[in-house]
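Just so it is clear, the values below take in all heavy atoms, side chains as well, and ignore hydrogens, waters and symmetry mates.
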Amino acid sequence: METATMISIDVGYDAGKKIHGRKQHLSVDLLGLVLPVLVTSASLPEREGAKKVLNRVHDTGNPIK
């Protein structure tokens with residue numbers, strides 16, 4: 001699958017899920033509203049992506065209740 005030229009070319013391969021490309025990490029509040037979203041290469045483990053997106057939520061000052 002081709003991607004737009006304006007998007008970062010940071011892509012990877014996740015051998016466990018057999019995914020080539022990018023992963024989206026996001027968090028939602030209790031109402032299901034989307035808080036900050038992070039797009040990483042597929043080679044980044046979910047645990048590391050979760051840490052990065054939670055740090056981004058914490059840095060924006062949005063409380064998670």
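Atoms CG and NZ, on L38 and K51 in that order, are 14.0 Å from each other to the nearest 0.5 Å. For the atom pair CD (E48) and OG1 (T40), the distance works out to 10.5 Å, reported to the nearest 0.5 Å.
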Apply the test side-chain contact (heavy atoms from CB on, under 4.5 Å) to residues L26 and V28: give CA-CA distance (whole Å), side-chain angles for both, the deciding distance (0.1 Å), then the verdict.
CA-CA 7 Å; L26 60 98; V28 296; 3.8 Å; yes

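Contact record, P36 with V53: O-CG2, 3.4 Å, taken as the closest heavy-atom pair. The nearest pair of heavy atoms linking V37 to R56 is O-NH1, 3.0 Å.
Among pairs with a residue in residues 33-42, none fulfils salt bridge (charged side-chain N to carboxylate O under 4.0 Å, His left out), at least two apart in sequence or across chains.
In the hydrophobic clustering, L33 connects to L31, either directly or through intervening members, whenever side-chain heavy atoms lie under 4.5 Å apart.
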